[in-house]
Amino acid sequence: MREYKTRVRAEIEATIDRADFEPLEPAAIRIDVTDSFRRKLGECRRLSVADCDAEAPVEYEIRIACRLFEDGHEDRWRDTVRHEVAHAFVLETVGSDVDPHGPEWKTAARRAGADPVARCEDEDLVDSAYVLACPNGCFERGYVK
């Protein structure tokens with residue numbers, strides 16, 4: 001897991017730099033790579049004062065599903081990290097009173113280099129509420145909404 005966190009930290013730093021997410025500091029983001037997610041690929045949340053360490057400037061937590069690293073597809077975990085960094089940027093600059101996947105986030109996601117879509121894709125589509133499939137059998141994607 002430590003290796004995964006190191007990779008996520010590097011991607012967060014690269015994304016903030018590439019997208020010029022100026023007020024967002026990589027040091028302000030706590031990282032958790034978890035195997036507890038069943039439907040989610042990632043999550044970003046602003047930490048409350050009680051969640052923060054008084055000595056560290058942590059303001060956000062980005063959690064990434066461990067299974068993203070186990071499938072051998074670099075693009076999936078990188079896109080998820082970029083997606084979550086875009087959420088942190090919107091929380092930092094606009095606040096929480098906007099649609100989580102609304103126009104502000106979509107603009108930020110594009111700047112971050114993420115596909116601006118909210119989704120849950122798995123090989124096992126049992127958890128998915130909806131399935132989008134190519135009629136020619138090219139792909140299947142499970143979506144929560």
Spell out, as yes or no, whether a donor-acceptor pair under 3.5 Å connects the side chain of R9 to the backbone of P26.
yes
Over all atoms of both residues, closest heavy-atom pair of E25 and E22
OE2-O, 4.4 Å
Taking every non-hydrogen atom, the tightest pair across A114 and H83:
CB-N, 3.7 Å
Heavy-atom distance under 4.5 Å between the side chains of F37 and L68, does that happen here?
no
Among the clusters formed by ILVMFWY side chains lying less than 4.5 Å apart, do V33 and I12 turn up in the same one?
yes
Go through R7 and E74 one step at a time and tell me if the salt bridge (Lys or Arg N to Asp or Glu O under 4.0 Å) criterion holds.
CA-CA 10 Å; R7 292 163 71 186; E74 287 279 313; 2.4 Å; yes
In sequence, state the C-alpha distance, the side-chain angles, and the governing distance for H101 and H87, and then conclude on side-chain contact (heavy atoms from CB on, under 4.5 Å).
CA-CA 8 Å; H101 293 110; H87 280 300; 3.2 Å; yes
What one should report as the nearest heavy-atom pair of C44 and L91 is SG-CD1, 4.3 Å
Do F89 and V94 sit in the same hydrophobic cluster, where Ile, Leu, Val, Met, Phe, Trp and Tyr count as joined when their side-chain heavy atoms come under 4.5 Å apart?
no
Quick check: do R2 and K5 have side-chain heavy atoms less than 4.5 Å from each other?
no
Note: T80 and I64 closest approach over all heavy atoms is CG2-CD1, 3.8 Å
Nearest 0.5 Å, please: how far is CD in E84 from OG1 in T15?
11.5 Å
Do the side chains of L41 and I29 join up, straight or via other hydrophobic residues, at under 4.5 Å, putting them in one cluster?
yes
Residues A108 and F21: closest non-hydrogen pair is O-CZ, 3.4 Å
Are V81 and W105 joined in one hydrophobic group, where the rule is that I, L, V, M, F, W and Y side chains link up if heavy atoms are under 4.5 Å apart?
no
How long is the straight-line distance from CG of D99 back to NZ of K106, given to the nearest 0.5 Å?
8.0 Å
Heavy-atom nearest pair, A65 first then K40, reads CB-O, 3.8 Å
Would you say the side chains of E92 and Y60 form a donor-acceptor pair under 3.5 Å?
yes
Distance check, rounded to the nearest 0.5 Å: E43 atom CD versus R63 atom CZ?
5.5 Å
Quick test of your reading of the model: are E11 and R18 salt-bridged, counting only N-O distances below 4.0 Å?
yes
